[in-house]
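All remarks here apply to the structure that follows.
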Amino acid sequence: MFSKSKILLIYTGGTIGMRKDFETGALKAFNFSKLLHNIPELKLLDCEIETFSFDQPIDSSNMNPEHWAEMARTIEKNYYNFDGFVVLHGSDTMSYSASALSFMLENLSKPVIFTGSQLPIGDLRTDAKENLITAIQIAALQENGKPIIQEVCLYFEYKLYRGNRTTKINAEHFRAFIAPNYPFLVESGVHLKINSDLFLSTKPEAAFKVHTHLDNNVAIIKMFPGISEVVLSAVLNIKSLKGIILETYGAGNAPTEDWFLFLLQKAIARGLHVINVTQCAIGSVSMGQYETSTTMKNLGIISGKDITTEAAITKLMYLLGQNIPQNEFKTIFETSLRGEMQ
Ligand code: ASP
């Protein structure tokens, strides 16, 4: 007989735990104990739940790598005392946080499930209860005494996704997230439809490791017709910059104008890592498919393949924090570390 799953609920902030400020009418994070008070249903779940709250819960628009380190350290400290972790988080930057944590938690063998809501938990029409209750239920799922999910995921509106494959696509609908290039892992209906063949395969013998050092000397440049040499040059010449995500068109295409390619060539020669990620929601970078990406390939630009921008920027910060030798960086970036790319 296996014992009940123990789940740690980590509250970082977000709409789920907000209420209206009487004076301004704006939504603000409030005390976590009141949040739990609003969900007596949690006591009915067939698992033990303990809670931990950030001292100062935040709107996730204020999220930064220090907060990610706090989440990672909280999981590390409690790793062997719990079977799974559910992180309550604002939806605005949830995909960035889920991506960052997926890289920071190496050899994870327990579920870390991010969730939140579009309406506060106290609202009559809230989506928070379903999201929270099902996220906990999924985190508590076990087979032969072991958690069935062993990766960082995001649960929202009846679907569980691999966290580093997600992106927020809707500011109004309850279905706020998609994973454009990877199928959902679990669907909640009358029964839970579990697609276990899509789960990340873990190495049971490998030790769990937490990495909290991220380097944020990075930038994202989104290409647009008309982007000027002065703008691109100003960004690429920032002294402390170590890497950029270049959001290009379609299958990884960009202008073939001399000034553009020359700026990139000079930046790469100085040691800057340039990662090519497509602006398209669906599909992959394929450098060399068109003439407009062939030179970029020859310059040594890194292919982000089908990665999301959220996963690309957090992977860049993570790898820069690992002090990887310059000549290995491209190969490692182009390798799927946590199922974030094909
Ligand atoms: N602004 C909120 C946040 O990201 C939105 C939400 O929670 O859905 O914290």
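Bear in mind that the values here come from a model prediction, so they are computed numbers and not experimental data. Ligands are counted one by one from 1 in listed order, and the atoms in each one are counted from 1 as well.
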Nearest non-hydrogen partners of Ala128 and Ile121, listed with the distance: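 Of all heavy-atom pairs spanning Ala128 and Ile121, the closest is CB-CD1, 3.6 Å.
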Using a 4.5 Å cut-off between side-chain heavy atoms of Ile, Leu, Val, Met, Phe, Trp and Tyr, which other residues end up in the same hydrophobic cluster as Leu124?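 Reading the cluster by chain and number, Leu124 sits alone, since nothing else belongs.
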Quick one, list the residues around ligand 1 where some non-hydrogen atom comes in under 4.0 Å, by chain and residue number.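 Within 4.0 Å of ligand 1, the protein residues are Gly14, Thr15, Asp59, Ser60, Gly90, Ser91, Asp92, Ser117, Gln118.
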Report, as yes or no, whether the 6.0 Å neighbourhood of atom CZ on Arg73 holds more than 12 heavy atoms from other residues, nucleotides or ligands.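 More than 12 heavy atoms, drawn from other residues, nucleotides or ligands, come within 6.0 Å of this atom.
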Distance-only polar pair, side chains of Tyr155 and Glu130, donor-acceptor under 3.5 Å: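 Per modelled atom types, Tyr155 and Glu130 side chains form a pair under 3.5 Å.
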Please list all pairs meeting ring pair (Phe, Tyr, Trp, His ring centres under 6.0 Å) that have one or both residues in residues 263-284, counting only residues at least two apart or in different chains.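 Those involving residues 263-284 are His273-Phe329.
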Output every pair passing salt bridge (charged side-chain N to carboxylate O under 4.0 Å, His left out) with a member in residues 197-215, not counting sequence neighbours, ordered by first then second residue.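 Residue pairs with at least one partner in residues 197-215: Asp215-Lys242.
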